[in-house]
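In what follows, a structure is listed as structure tokens, so that the remarks can point back to it.
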Amino acid sequence: MTTELSPSERFAQAKAKKSLPILDAFTDKLPIALDPFQREACALVEQGKSVLVAAPTGAGKTIIAEFAIFKAMQESHAKVFYTAPMKALSNQKFQELVAEYGAESVGLLTGDTNVNSQARIVVMTTEVLRNMLYASSDLLTNLSYVVMDEVHFLADKFRGAVWEEVIIHLPRSVRMVSLSATVSNAEEFGDWLQAVRGDTEVIVSEERPVPLEQHVLVRGKLLDLFDAAGGPNEARSRMPAALTTTVAEPVAIAPTESYGDRPARNRGTKQPPAALPGLTTTRVNPELVRLSHGPRTPAGRGGFDGGGKRHEGRGGKQNRGNGGNGNGFGGSGGGARTDRAALVELLDSRNLLPAIFFVFSRVGCDAAVQQVLRSGVRLTQKHERDEIRAIVEERCRTLLDEDLGVLGYFEWLDGLERGVAAHHAGMLPAFKEVVEELFRKKLVKVVFATETLALGINMPARTVVLEKLEKFNGEARVPITSGEFTQLTGRAGRRGIDVEGHSVIQWADGLDPQAVASLASRRTYPLNSSFKPTYNMAVNLIDQFGRQRTREILESSFAQFQADRAVVDLAQKVRSQQESLAGYQKSMTCHLGDFAEYSTIRRELSDLEKKGAGRSEYSSRGEREKRQNQLNSLRKRLKLHPCHLCPDRENHARWAERYWKLKKQTDQITAEIRTRTGAVAKVFDRVTDVLTILGYLESDANGRVVLAPAGRMLRRIYGERDLLVAESLRLGLWNNLDAPSLAAMAAALIYEPRRDEGQADERNLPHGPFRAAFDATGDLWSNLDDLERDKRLPGSNPLATGLCLGMYQWAKGGRLDNVLKETDLAAGDFVRWTKQTIDLLDQLSVVADSPVGSTARKALDAIRRGIVAYSSVA
């Protein structure tokens with residue numbers, strides 16, 4: 001039933017429509033109407049503002065970015081950069097935009113790929129944009145908009161600093177569209193963006209367009225996680241939004257957050273937590289609670305580990321189940337688990353496919369596919385199998401026949417034709433891209449994936465299955481966080497296709513339903529800065545702004561913003577405790593004398609007596625006599641003090657004890673405030689000290705810190721080893737290397753070995769000049785590491801040899817099967833490390849003088865071949 005609008009409402013609607021002509025033209029092309037948060041954000045973009053949009057996975061944040069691109073294309077010369085955290089996301093977005101705007105209007109820059117870089121729309125990784133800003137690239141001319149997709153990657157401890165560098169250094173005239181998953185401190189992040197960028201609004205949506213039903217699979221039955229007593233409608237009406245089975249994402253506000261003193265800025269659709277019923281009104285399904293208190297079933301029957309096999313992560317490190325570790329999520333062996341193939345058939349019978357199973361182990365993903373295929377599962381029709389084969393053959397036509405066997409191509413194709421596939425970082429990128437395409441086309445029905453699939457790739461499913469609620473983090477099995485749970489289950493429910501999405505949690509002995517419910521409903525998912533100054537950053541900023549201005553710029557980082565906010569809270573605590581201290585001081589006041597002085601003597605005496613009792617048997621006679629003299633002196637002073645005769649002495653002493661205890665805490669907080677204030681700039685000062693000692697920075701005639709010639713070379717070297725690379729070039733350590741040897745050296749600089757991987761036997765390293773150059777580079781690393789630690793910087797890891805011989809052989813034309821055997825790497829890992837090697841060699845080809853520069857160009861040609869050269873966008 002349509003409600004008739006009043007004349008005033010019709011007038012307001014017409015006025016709003018007239019004021020947003022570009023948005024109206026954009027929405028006219030869309031098949032569905034915009035959600036309120038989408039329209040609100042797009043309206044702000046049309047009004048010339050920057051926006052931060054935080055919304056659940058699958059809520060449709062990307063539509064705001066698409067509108068910014070549409071708006072830029074309505075202007076005569078405006079350019080827009082679309083940044084993404086991963087090359088896979090960049091490739092996917094590039095293909096989508098080419099389909100929309102044509103190949104001549106869209107470019108792609110991902111470090112190892114350069115397609116149409118002069119286009120008005122350019123998709124790139126965030127690192128590429130950072131490098132362009134430091135180099136003052138001509139491509140920045142006419143830049144009007146930057147989209148920062150998955151901006152919550154700013155918290156990534158390895159790469160997050162790049163996001164902050166871009167945000168700080170983009171010209172303020174450039175409008176930013178920042179898209180984030182739901183985070184609990186979106187407004188704090190938005191306040192920082194407002195401070196450094198100006199004119200930024202925060203839009204937070206906590207509603208999923210497709211509701212999420214949450215289930216637990218127990219003995220072949222799908223049980224609701226939450227209580228549905230009284231009928232589903234009544235149950236849902238009693239449940240708070242964060243816990244109902246029809247709201248998919250944890251709400252993004254901390255339950256204790258205050259809204260009373262918040263500034264009246266645009267906050268989108270966010271509702272204060274006071275509007276939600278208390279969490280205690282929701283009940284976990286009592287049947288699940290009853291099962292959790294019942295007898296355990298024997299372990300090892302029908303489990304998900306493929307008949308008792310141990311899952312292995314990258315390179316074969318064994319991830320053993322913990323058999324229930326007391327974290328509330330149980331172990332891995334529960335006999336109540338349903339066989340994978342049976343679960344696939346159950347989901348198929350309930351019309352709950354396509355589904356993504358998150359396994360958290362690469363080997364586990366591959367084993368799961370084989371287990372399902374061995375059971376005879378087939379989820380496709382003949383016409384679908386024909387289409388699958390045609391797509392696979394078209395996408396993989398550039399792969400060499402000799403490599404197909406070692407890549408497991410035929411087994412992989414068999415699984416695809418039956419509607420089942422794996423997806424993880426160890427797979428060849430070409431294979432992963434095909435799986436993604438077939439899944440989106442509904443040809444592949446079941447994917448067994450590691451959690452990397454949840455990071456923004458467009459692969460929504462009807463159902464998400466979590467086999468375990470814990471994963472191996474490299475050191476131990478740990479429970480997944482509420483943020484990870486949100487990200488994973490966010491894949492369930494396809495907008496415009498599904499009425500609801502479904503998450504299925506596998507039952508295991510020891511599983512605590514209350515802990516699972518808490519995980520599914522928790523709201524905390526904070527975004528914390530990982531920013532830290534680097535050598536390359538320092539020389540670039542000093543060259544552009546000078547040292548003092550650079551310190552001020554670094555003080556504007558999100559890291560310092562958060563530290564300063566913490567300082568405000570700490571300072572408030574200090575003020576509060578100082579008031580208490582004044583009260584304690586008043587209560588211990590003695591009319592006979594200074595009781596603070598008296599209590600100090602008592603404390604010194606007590607401390608000395610305790611130390612003496614613990615050390616007397618180990619002390620020399622001289623030490624014992626010295627301590628005894630000190631004790632006698634303190635006891636004499638104590639008895640002679642006027643307060644010693646006070647009748648209320650012990651009452652005063654109790655207040656004095658409280659005073660000294662609180663004063664100690666207050667002094668510690670005050671010291672913490674001193675360490676936090678200017679923390680980023682202090683690290684920058686240490687970095688510049690190292691650069692000055694090594695001759696990358698120097699003082700000019702006016703005493704200003706400027707770049708030395710070596711510093712100008714360091715400006716163009718990016719990566720974790722920037723200083724080591726610059727020093728090696730300056731000292732000529734690699735001048736005698738041929739192309740394969742230089743490729744091996746670059747591999748040693750970028751490769752990060754597995755935790756269980758030892759150093760390669762020296763006999764297995766490349767022969768000839770490589771070994772001398774490698775030893776000299778290792779000695780240089782050791783010296784730099786000593787200098788860094790002397791300056792209170794964290795230092796770095798030694799060079800890794802695990803990839804050296806394999807990269808050397810690959811550069812000399814070696815066969816793929818031999819190289820993979822030598823490196824003990826999966827094909828996808830080898831491609832990833834080789835592309836990082838290419839990135840470093842590409843930098844050397846530009847920065848280094850002859851002979852290294854020309855050798856680097858030869859090395860690039862030598863290793864950019866076969867599966868490494870494959871690209872779906874070239």
Side-chain angles (χ1 to χ4, degrees), residues 50 52 54 126-127 129-130 133-134 146 148 151-172 174 176 178 180 183-200 202 263 265 525-575 668-691 697 705 788 791-794:
S50 294
L52 165 66
T126 317
E127 282 85 354
L129 179 53
R130 186 272 311 272
L133 289 167
Y134 281 160
V146 166
M148 301 202 77
V151 74
H152 51 273
F153 262 75
L154 180 143
D156 184 86
K157 66 179 181 178
F158 299 110
R159 300 171 57 214
V162 176
W163 273 257
E164 288 191 51
E165 292 177 72
V166 167
I167 292 168
I168 291 170
H169 298 306
L170 266 178
R172 284 176 72 98
V174 177
M176 278 182 47
S178 303
S180 171
V183 293
S184 54
N185 61 335
E187 290 159 348
E188 178 188 42
F189 184 48
D191 288 342
W192 175 68
L193 289 174
Q194 173 72 24
V196 297
R197 305 287 316 158
D199 219 3
T200 301
V202 180
R265 285 178 53 204
Y525 187 19
L527 179 62
N528 294 314
S529 173
S530 60
F531 184 82
K532 58 183 178 182
T534 66
Y535 298 110
N536 171 272
M537 184 194 304
V539 294
N540 272 291
L541 294 181
I542 289 172
D543 189 46
Q544 291 186 52
F545 306 108
R547 179 169 179 167
Q548 185 54 41
R549 173 69 181 132
T550 295
R551 290 183 97 258
E552 295 170 4
I553 289 171
L554 296 178
E555 291 285 16
S556 69
S557 67
F558 187 45
Q560 191 58 53
F561 185 83
Q562 289 190 306
D564 289 342
R565 285 209 164 183
V567 165
V568 171
D569 293 337
L570 290 172
Q572 177 62 37
K573 188 172 183 179
V574 167
R575 285 193 294 272
Q668 290 172 341
I669 295 172
T670 303
E672 185 177 351
I673 289 174
R674 285 197 298 269
T675 62
R676 290 195 180 207
T677 304
V680 176
K682 289 173 184 175
V683 175
F684 168 74
D685 289 339
R686 296 167 192 163
V687 167
T688 56
D689 286 347
V690 170
L691 292 172
L697 298 174
V705 175
E788 287 172 326
K791 293 297 179 182
R792 290 185 296 157
L793 291 169

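The structure presented is a predicted model; accordingly, all values stated were derived computationally and were not measured.
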### Query
If you measure from CD on Glu164 to CZ on Arg130, what distance do you get to the nearest 0.5 Å?
12.5 Å
### Task
Examine distances only and state if a side-chain atom of Ser557 and a backbone atom of Glu555 form a donor-acceptor pair shorter than 3.5 Å.
no
### Task
Tell me, please, which residues at least two apart from Glu188 pass side-chain hydrogen bond (donor to acceptor under 3.5 Å, both in side chains).
Asn185, Gln562
#### Entry: Val151 side chain reached by Phe189 side chain, heavy atoms, under 4.5 Å
yes
### From NZ (Lys791) to OG1 (Thr688), nearest 0.5 Å
9.5 Å
#### Entry: Donor-acceptor contact below 3.5 Å, side chain Gln560 vs main chain Val680
yes
#### Entry: Non-hydrogen atoms of Val687 and Ala538 that approach each other most closely
CG1-CB, 3.9 Å
### Message
I need the Asp564 CG to Trp192 CH2 distance, nearest 0.5 Å.
### Response
13.0 Å
## Note on the structure
By side chain to side chain contact (heavy atoms under 4.5 Å, CB included), Thr534 pairs with (sequence neighbours left out) Asn536, Met537, Asp722
### Message
So which atom in Gln194 and which in Thr200 form the shortest heavy-atom distance, rounded to 0.1 Å?
### Response
OE1-N, 2.8 Å
### Task
Would you check if the side chain of Ser178 reaches a backbone N or O of Met148 as a donor-acceptor pair within less than 3.5 Å?
no
### Query
Are side-chain heavy atoms of Leu154 and Ile167 found at a separation under 4.5 Å?
yes
### Query
Any idea which heavy atoms bring Ser530 and Gly160 closest together, and the distance?
OG-CA, 3.4 Å
### Query
Mind checking what makes side-chain hydrogen bond (donor to acceptor under 3.5 Å, both in side chains) contact with Arg197, not counting sequence neighbours?
none
### Side chain Ser529, main chain Ala559, donor-acceptor under 3.5 Å
yes
### Task
For residues Ile553 and Arg549, determine if any side-chain heavy atom of one lies less than 4.5 Å from a side-chain heavy atom of the other.
yes
### Query
Taking C-beta and beyond as the side chain, do Phe558 and Phe531 meet within less than 4.5 Å on heavy atoms?
no
### Query
Can you name the ring pair (Phe, Tyr, Trp, His ring centres under 6.0 Å) partners of Phe684, sequence neighbours left out?
none
### Message
Are the side chains of Ser50 and Leu193 in contact, using a 4.5 Å heavy-atom criterion?
### Response
no
### Summary
Residue set satisfying salt bridge (Lys or Arg N to Asp or Glu O under 4.0 Å) with Arg172, at least two apart, ordered chain then number -> none
### Query
Can you tell me how far CD1 of Ile168 sits from OG of Ser556, rounded to the nearest 0.5 angstrom?
4.5 Å
### Query
Should Asp685 and Arg792 count as an ion pair when the cut-off is N to O under 4.0 Å?
no
#### Entry: Gap between atom CG of Leu133 and atom CG of Asn540 - 0.5 Å precision
10.0 Å
### Thr550 side-chain N/O to Leu541 backbone N/O, donor-acceptor pair under 3.5 Å
yes
### Task
Kindly determine whether Phe561 and Asp191 satisfy side chain to side chain contact (heavy atoms under 4.5 Å, CB included), including the steps that lead there.
CA-CA 9 Å; Phe561 185 83; Asp191 288 342; 4.0 Å; yes
#### Entry: Stepwise ring pair (Phe, Tyr, Trp, His ring centres under 6.0 Å) test for His169 and Tyr134
CA-CA 8 Å; His169 298 306; Tyr134 281 160; 5.5 Å; yes
### Task
With sequence neighbours excluded, tell me which residues meet ring pair (Phe, Tyr, Trp, His ring centres under 6.0 Å) with Tyr535.
none
